[in-house]
Amino acid sequence: MPVDFDRLTVLVGAPQAEDVAADEVAAVLAGLPPAQRARTRLAPGGRRDLLRLGQSVADLLGTEVEVLTGLPLLDDHAPPGTPPRPTLVGLDGRPSWRPFVSSVVCGPVDAKGRAPVPRPTELHPPDWILGGGERGTVRLTDRWQATVTRAGLALWAPDGPRPGPLGPAVDPEACAVELGMPGQPLDDSLLPALSRLLHGLGTDVRSRTTLLVRGGLPAGDGALRRLAAEHGVPNIRYVTGRPRAPARRQTGRA
């Protein structure tokens, strides 16, 4: 991990030793000079997603805490002056994929015990999202648009519920692509939008992608499975339950 001359990075945990308590991290940060503490970021030294820990540390210190989604690493043979990018590290100890939301800031709970939603501070969306009308969001078709999350991307309909900015827990082995929202039907209009999204991810990220099906598939999942196979996507998870195949029509005389 390259040295950052402007910011202090605190690595939390290590591979096979990720069970670090929030009060221990808070004690380390509390021992820093205030000006240095304000510029400190937490980064995962192991595979554990630090979002919950970062929120707890913010509550304990009563101040905002920035949490990196991955380790700030440089590409091999990066030219001088190239800034590091938070990168997730897989089970084999090698870089796996780069999250599109690089960091978020967790704020402490207020006087009523309400925690603010962590706000993204550094986004690196895929190139084809840069032209979107909203930061980190792009319209894929007339019916569907995609938004970057910490865990990957969310594909949703503008006339339906909006996905949260965080997504599920970050998985170093898999880029999560969330499809729809609970209770929202997913029809065939999803397929062209999903195909465009997957094509834009590139072969390497697609090979690490998991489709998280949150909406319902009334017509079954045959077309979705064929699309996933066509793009080399290895995994589909049904968060709201696996769809049943359409019932076959009975024929014959009464």
Side-chain angles (χ1 to χ4, degrees), residues 49 51 96-97 99-101 117-118 120 123 125-129 131-254:
D49 187 354
L51 184 62
S96 56
W97 66 283
F100 308 123
V101 178
V117 176
L123 301 183
D127 292 341
W128 48 270
I129 284 185
E134 183 181 343
R135 187 173 178 233
T137 298
V138 66
R139 180 68 68 93
L140 296 170
T141 64
D142 291 341
R143 179 82 172 84
W144 296 96
Q145 60 188 21
T147 298
V148 295
T149 70
R150 295 179 70 249
L153 293 139
L155 199 153
W156 55 292
D159 58 353
R162 182 184 179 89
L166 304 180
V170 176
D171 184 348
E173 299 291 338
C175 173
V177 175
E178 301 173 76
L179 304 181
M181 301 292 287
Q184 177 191 34
L186 300 176
D187 55 32
D188 288 343
S189 69
L190 169 77
L191 301 179
L194 179 58
S195 179
R196 181 185 174 195
L197 182 151
L198 293 175
H199 179 76
L201 290 181
T203 304
D204 184 59
V205 177
R206 283 199 303 268
S207 68
R208 296 180 178 274
T209 292
T210 294
L211 302 181
L212 297 182
V213 184
R214 297 196 179 280
L217 291 166
D221 63 344
L224 178 64
R225 288 188 285 109
R226 288 191 292 271
L227 181 66
E230 176 185 341
H231 287 279
V233 173
N235 298 306
I236 301 177
R237 277 182 51 203
Y238 299 90
V239 182
T240 55
R242 187 178 180 85
R244 296 180 179 179
R248 293 184 179 181
R249 180 177 297 177
Q250 299 287 334
T251 58
R253 298 178 182 274

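Reckoned from all heavy atoms, side chains included, excluding hydrogens, waters and symmetry mates.
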Undergrad: Considering only heavy atoms from C-beta outward, does the side chain of Leu179 approach that of Trp144 to under 4.5 Å?
TA: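 Of all side-chain heavy-atom pairs linking Trp144 with Leu179, none is under 4.5 Å.
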
Undergrad: Quick check on Asp159: does its CG atom have over 12 non-hydrogen neighbours (other residues, nucleotides or ligands) under 6.0 Å away?
TA: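 For Asp159, atom CG is crowded (more than 12 foreign heavy atoms under 6.0 Å).
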
Undergrad: Side chains of Leu211 and Leu224, heavy atoms from C-beta outward: is any pair under 4.5 Å?
TA: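 In contact.
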
Undergrad: Is the side chain of Thr209 donor-acceptor paired with the backbone N or O of Val205 at a distance under 3.5 Å, no angle test?
TA: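 Yes.
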
Undergrad: Is the closest side-chain heavy-atom distance between Pro118 and Leu51 below 4.5 Å?
TA: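 When only atoms from C-beta onward are counted, Leu51 and Pro118 do touch, with a gap below 4.5 Å.
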
Undergrad: Find out whether Ile236 and Asp221 are in side-chain contact, i.e. whether some heavy atom of one side chain is under 4.5 Å from a heavy atom of the other.
TA: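 A side-chain contact under 4.5 Å is absent here.
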
Undergrad: Side chains of Asp187 and Pro218: closer than 4.5 Å at any heavy-atom pair?
TA: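 The answer is no, as the side chains (C-beta and beyond) never meet within the 4.5 Å cut-off.
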
Undergrad: When you measure from the side chain of Thr149 to the backbone of Ala154, do you find a donor-acceptor pair of N or O atoms at a distance under 3.5 Å?
TA: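 No, Thr149 side chain to Ala154 backbone: no donor-acceptor pair under 3.5 Å.
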
Undergrad: Answer yes or no: is there a side-chain heavy-atom contact under 4.5 Å between Asn235 and Glu173?
TA: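 Result no, sub-4.5 Å side-chain heavy-atom pair not found.
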
Undergrad: Between NE2 of His231 and OG1 of Thr203, what distance do you get to the nearest 0.5 Å?
TA: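 One gets 11.0 Å once the value is rounded to the nearest 0.5 Å.
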
Undergrad: Within a 6.0 Å radius of atom CZ on Arg143, are there more than 12 heavy atoms belonging to other residues, nucleotides or ligands?
TA: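 Yes.
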
Undergrad: Rounded to the nearest 0.5 Å, how far does OG of Ser189 lie from CG of Leu140?
TA: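 The distance works out to 11.5 Å.
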
Undergrad: State, yes or no, whether a side-chain contact exists between Cys175 and Phe100 at a heavy-atom distance under 4.5 Å.
TA: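 A side-chain contact under 4.5 Å exists here.
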
Undergrad: Quick one: closest heavy-atom pair of Pro125 and Val148, and the distance?
TA: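 It is CB-CG1, 3.8 Å.
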
Undergrad: Out of the candidates Pro168, Pro161, Pro163, only one should pair with Arg214 under the side chain to side chain contact (heavy atoms under 4.5 Å, CB included) rule; please name it.
TA: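 Of Pro168, Pro161, Pro163, side chain to side chain contact (heavy atoms under 4.5 Å, CB included) with Arg214 is met by Pro168 alone.
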
Undergrad: Which pair of non-hydrogen atoms, one from Arg139 and one from Asp142, has the smallest distance, and what is that distance?
TA: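 It is NH1-O, 3.4 Å.
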
Undergrad: Looking only at heavy atoms, which two atoms of Ala151 and Trp97 are closest? And how far apart?
TA: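 Smallest interatomic distance, heavy atoms only, reads O-CH2, 3.3 Å.
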
Undergrad: Look only at the side chain of Arg206 and the backbone of Gly232, and say whether a donor-acceptor pair between them is shorter than 3.5 Å.
TA: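 No, Arg206 side chain to Gly232 backbone: no donor-acceptor pair under 3.5 Å.
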
Undergrad: Taking all atoms of both residues into account, what is the closest heavy-atom pair of Pro120 and Leu123, and its distance?
TA: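 Heavy-atom minimum between the residues: CB-CD2, 3.9 Å.
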
Undergrad: CZ of Arg162 to OG1 of Thr137: how many Å apart, nearest 0.5 Å?
TA: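 It comes to 5.0 Å.
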
Undergrad: Can you name the nearest heavy-atom pair linking Tyr238 to Leu217, along with the distance?
TA: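 Of all heavy-atom pairs spanning Tyr238 and Leu217, the closest is CE2-CD1, 4.2 Å.
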
Undergrad: So do the side chains of Leu201 and Leu153 get within less than 4.5 Å of each other, counting heavy atoms only?
TA: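 Yes, at least one pair of side-chain atoms sits under 4.5 Å.
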
Undergrad: Please give me the minimum heavy-atom distance between Asp49 and Ala169, naming the atom from each residue.
TA: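 Reported closest heavy-atom pair: OD2-CA, 3.5 Å.
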
